[in-house]
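Whatever order the structure lists ligands and atoms in, that order sets their numbers, starting from 1. Computed from a predicted structure; not experimentally measured.
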Amino acid sequence: MHLRKHNIDRHQQEDFDVLVIGGGINGAASAAALAGKGVKVALIDRGDFASSTSMHSSNLVWGGIKYMESHDFPLVRKLCKSRNHLIKHFPSTVQEIRFLTTIASGFRYHPRYLWAGSWLYWFIGNGFTKIPHYLSSSDIKAREPIIDTAGSVGGFEYSDAYLHDNDARFVFNFVRSAMDRGCAAANYVESLGAKREGQRWIIQARDVMTGTSYEIRAKVVVNAAGPYVDQHNALSGERTEHQHVYSKGIHLIVPQLTEHRRVLAFFADDGRLFFVIPMGRRTCIGTTDTRVDSPDVQVTDDDIRFVLDNINKRLTLDTPLTRDDIISTRCGVRPLAVKASSGGDRDFLQLSRKHVIDTDAATHHLSIFGGKLTDCLNVGDEIVAAVKELGVEVPYGDYVWYGEPHRAVREEFFHQARLLGLDEMAPHHHEALSTRLWRRYGAQALDMLEEIREDPRQADVLIEGTEYLRCEIRQAQRREMITCLEDFLRRRSKISLVVKAEEIRNAPGLREACEILFGDEADAKLDEYLASAQAQSVEERLSADAQAADSQVNNPAHSETLKWR
Ligand SMILES: Cc1cc2nc3c(=O)[nH]c(=O)nc-3n(C[C@H](O)[C@H](O)[C@H](O)COP(=O)(O)OP(=O)(O)OC[C@H]3O[C@@H](n4cnc5c(N)ncnc54)[C@H](O)[C@@H]3O)c2cc1C
């Protein structure tokens, strides 16, 4: 909390080169790139970092094989290169994974045609991954017995990548990297709009936790508000060439369906790609693609029925999945960039998923439209170039702002972990403790070893039913700007994705976690969490959402933002 307070003080005392509005992947990567290259930058998000679209993705880092069908080869090439770059620079976080794709009889393409396409995809991606394979139905069954191959005519296996931990954690690590390089980042600070005065912007900000308003001064504004970019531009009087249309997508998290670490890909009843994605001891299934008019969306009964029906039709599980198997849900909108003049009328499933940065050189304002997690390094680099073009000095232009720590640091960590017997301290964990700590905390994991050496209790699991250690929660308290319990449970960790809400609520260690995270405010923060929607079971939340949806018809304005003008 000190960190957040200090950064909010800085917002009021300092003049910034750039203010980034929105701490999803686009804002986080922009802030990390700018800060790394020596630009004086601030970052705000009206919720927690990555609390909007960027925590609801499929966790895939992929070259967009499905965009080959719409012949968007330049986009596929760009995304494949980004994917390769991320695998290379984040080897413990972004990992290659096989996609086993099953084709049903009567599908619009024969498996051999699609297999040929997967070779083209492989070439477009510079042959960076393992080669594709053609598979007969019996090959598929041998590789993955839970797939129902009765109606299948074969398929193929190819490679892309996925985020081992979680999209929100991936985003936070960029925010943290920006803070390490001087960025004044704060979550739960909302921009109520910005006005240009002379050579600078005055941004009206509101600390959502206290309700206090204050001003932030910056030469350049980067609007990275994701699905809310248009809304914020309207508040600041900015007109742009592009705007957003929205596509809603949901995922369901269920118990682990298969022990094999690969993505199972199918074409759902609506003809779209549909995935079964590994998530540790859980499985993530989805997604959907529904055009919606507002970015504020919830999982509905129809969404759940669609996902369950489709998965049950394609797998031969001992007992079909039902609503009772759902541990948690994910639901967000893809912000898709369209030319404002087009009115967004094109067939939206065919809309390109590429990002666009609109620059208003007269007012020094940038808006980021669209994009993907996979594209984040390009977004960061392009924002630095655009800011430079607007006349802001970039003192360390050659600095490489992304990537895991140097190999020597990694080797030292694993050596010390071996000497300490770290992995033996958690023999029943899903993966080796040293591997997980390194992936999540990088060089900071060395400090955690020191804590465990001083006090072996630091290696104990604190919240029963999870694999998170006491020292991780202390680390989160110091460095991860945990403002509400859900920030830790859902975004810095993935506890509330993989453990049912009722189990978390009743976990005895939850109180101690709050004491570590919030000190004197522990009781208040725990009560706040227990009273929140996040602490409800999926069933409780669905019925509450349904009631809320009924009462919010024709009232899309849930935010203070719309009240400001
Ligand atoms: C179902 C689904 C699956 C997807 N799967 C993948 C995938 O597998 N791989 C991939 O690469 N991409 C995927 N994507 C796309 C990707 O998730 C998004 O493109 C990306 O997360 C968008 O990031 P963003 O930073 O633009 O927006 P967001 O993550 O929404 O961030 C915008 C932030 O701005 C903040 N904000 C808004 N208004 C204000 C304000 N007034 N003041 C302060 N802050 C504000 C919000 O709180 C929010 O945190 C998927 C998307 C969806 C919906």
May I ask you to check whether [X] has an N/O atom sitting below 3.5 Å from an N/O atom of ligand 1?
X      : value
Asn26  : yes
His251 : no
Tyr228 : no
Ile250 : no

Give the atoms of ligand 1, by number and element, whose distance to some non-hydrogen atom of [X] is under 4.0 Å.
X      : result
Val333 : 53 (C)
His232 : 41 (N)
Leu373 : 10 (C), 11 (O), 12 (N)
Leu60  : 7 (C), 8 (O), 9 (N), 10 (C), 11 (O)
Asn59  : 8 (O)
Thr287 : 1 (C)
Gly249 : 1 (C)
Gly332 : 53 (C)

- Query: Considering Glu190, His244, Arg334, which one's heavy-atom position lies nearest to atom 51 (C) of ligand 1?
  - Reply: Arg334

- Of Val189, Asp45, Thr53, the one whose closest heavy atom lies nearest atom 48 (C) of ligand 1 is Asp45

Between [Y] and [X], do the side chains contain a donor N or O and an acceptor N or O under 3.5 Å apart?
X      : Y      : value
Asn378 : Ser82  : yes
Tyr162 : Asp167 : no
His365 : Ser236 : no
Asp487 : Tyr188 : yes
Asp289 : Ser247 : yes
Glu96  : Ser159 : yes
Arg491 : Asn187 : no

- Task: Indicate, as side chain, backbone, both or neither, the part of Val171 found under 4.0 angstrom from ligand 1 when only non-hydrogen atoms are considered.
- Result: neither

- Query: Using a heavy-atom cut-off of under 4.0 Å, does the side chain or the backbone of Ala224 touch ligand 1, or both, or neither?
  - Reply: backbone

- Item | Member of Arg440, Arg439, Glu404 meeting the side chain to side chain donor-acceptor pair (under 3.5 Å) criterion with Ser92 | Glu404

- Item | Sole residue of Gln13, Gln12, Glu14 in side chain to side chain donor-acceptor pair (under 3.5 Å) with Arg10 | Glu14

- Item | Mutual orientation of the aromatic rings belonging to Tyr158 and Tyr121 [parallel < 30°, tilted 30-60°, perpendicular > 60°] | perpendicular

- Task: Take every heavy atom of Leu235, measure it against each atom of ligand 1, and state whether any distance is under 4.0 Å.
- Result: no

- Message: Contact between ligand 1 and Phe49 is defined here as a heavy atom of the residue under 4.0 Å from a ligand atom; is it met?
- Response: no

- Item | Aromatic Tyr228 / basic Arg46 pairing, under 6.0 angstrom, 45° off normal | yes

